[in-house]
Amino acid sequence: MINKALKTIRQFHGFKQSELAVKLNISKSYLSEIESGKKPVSFDLLEQYSNIFEIPVSSLVFFSENLDNEGKISKKFRLAVTDKILKVMEWLSDKDEHKTQEA
């Protein structure tokens, strides 16, 4: 579910809904509805997430599909894959922060 993936990515990066809503130029309530699955996510919004978090849209979709397979894949495997994805995201974030400090 793409809504869970978007919420997880927002939380991972330490954004509050209100902060991200401003960056996305949407209301906090609309973002809340997207994250809860009440509203669909447009491709334009996915591209904005991609730009803000520097994650390719394809990775957002891949992450979403892995969350969708919750009942089809063992919990142990899902947790391992999720852990690896989060570590890669953290590594990229640290790398970016280090690059910014050098500049």
Side-chain angles (χ1 to χ4, degrees):
M1 302 193 128
I2 194 73
N3 59 311
K4 286 183 183 179
L6 298 178
K7 180 178 181 178
T8 301
I9 289 166
R10 174 185 59 77
Q11 290 173 328
F12 173 80
H13 287 279
F15 278 84
K16 294 179 183 177
Q17 277 186 336
S18 56
E19 295 169 328
L20 183 57
V22 168
K23 286 189 171 282
L24 294 170
N25 200 27
I26 61 174
S27 69
K28 180 189 173 289
S29 61
Y30 186 65
L31 180 58
S32 177
E33 289 179 310
I34 288 171
E35 289 185 353
S36 67
K38 293 177 184 174
K39 296 279 184 184
V41 182
S42 68
F43 185 75
D44 289 339
L45 194 63
L46 285 178
E47 285 184 319
Q48 287 180 287
Y49 265 85
S50 174
N51 292 330
I52 291 169
F53 297 113
E54 298 180 0
I55 301 170
V57 172
S58 59
S59 294
L60 291 172
V61 173
F62 174 77
F63 188 51
S64 168
E65 287 173 352
N66 281 307
L67 291 174
D68 270 348
N69 289 328
E70 196 170 311
K72 301 172 190 165
I73 301 173
S74 76
K75 184 175 183 176
K76 185 176 179 181
F77 181 75
R78 263 193 347 269
L79 290 174
V81 168
T82 302
D83 182 57
K84 297 293 182 201
I85 290 171
L86 290 175
K87 284 182 181 179
V88 167
M89 289 171 66
E90 193 171 65
W91 174 77
L92 288 171
S93 178
D94 289 346
K95 180 181 167 190
D96 230 19
E97 185 176 309
H98 181 70
K99 191 187 306 182
T100 303
Q101 289 175 353
E102 287 180 346

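What's counted below: heavy atoms across the whole structure, side chains too, no hydrogens, waters or symmetry copies.
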Report summary line: CD of Gln48 to CG of Asn25, rounded to nearest 0.5 Å, is 7.5 Å
Report summary line: The reported gap from CD in Gln11 to NZ in Lys16 (rounded to nearest 0.5 angstrom) is 13.0 Å
Query raised in the report: Can Leu46 and Leu6 be said to form a side chain to side chain contact (heavy atoms under 4.5 Å, CB included), step by step?
Result: CA-CA 9 Å; Leu46 285 178; Leu6 298 178; 4.1 Å; yes
Query raised in the report: What is the distance from atom CD of Glu33 to atom CD1 of Ile26, rounded to the nearest 0.5 Å?
Result: 10.0 Å
Report task. May I ask you to decide whether Arg10 forms a salt bridge with Glu35, counting only side-chain N to carboxylate O separations under 4.0 Å? Result -> yes
Report task. Can you sort out the partners of Phe53 under ring pair (Phe, Tyr, Trp, His ring centres under 6.0 Å), two or more places apart, ordered by chain and number? Result -> His13, Phe15, Tyr49
Query - Under 3.5 Å: donor-acceptor pair, side chain of Ser50, backbone of Ile55 - result: yes
Query raised in the report: Applying the 4.5 Å side-chain criterion to the ILVMFWY set and letting contacts propagate, would Ile52 and Val57 be lumped into a single cluster?
Result: yes
Report task. Working to the nearest 0.5 Å, report the span between CG of Leu31 and NZ of Lys23. Result -> 13.5 Å
Query raised in the report: Can you check whether Ser32's main-chain N or O pairs, donor with acceptor, with Ser36's side chain at less than 3.5 Å?
Result: yes
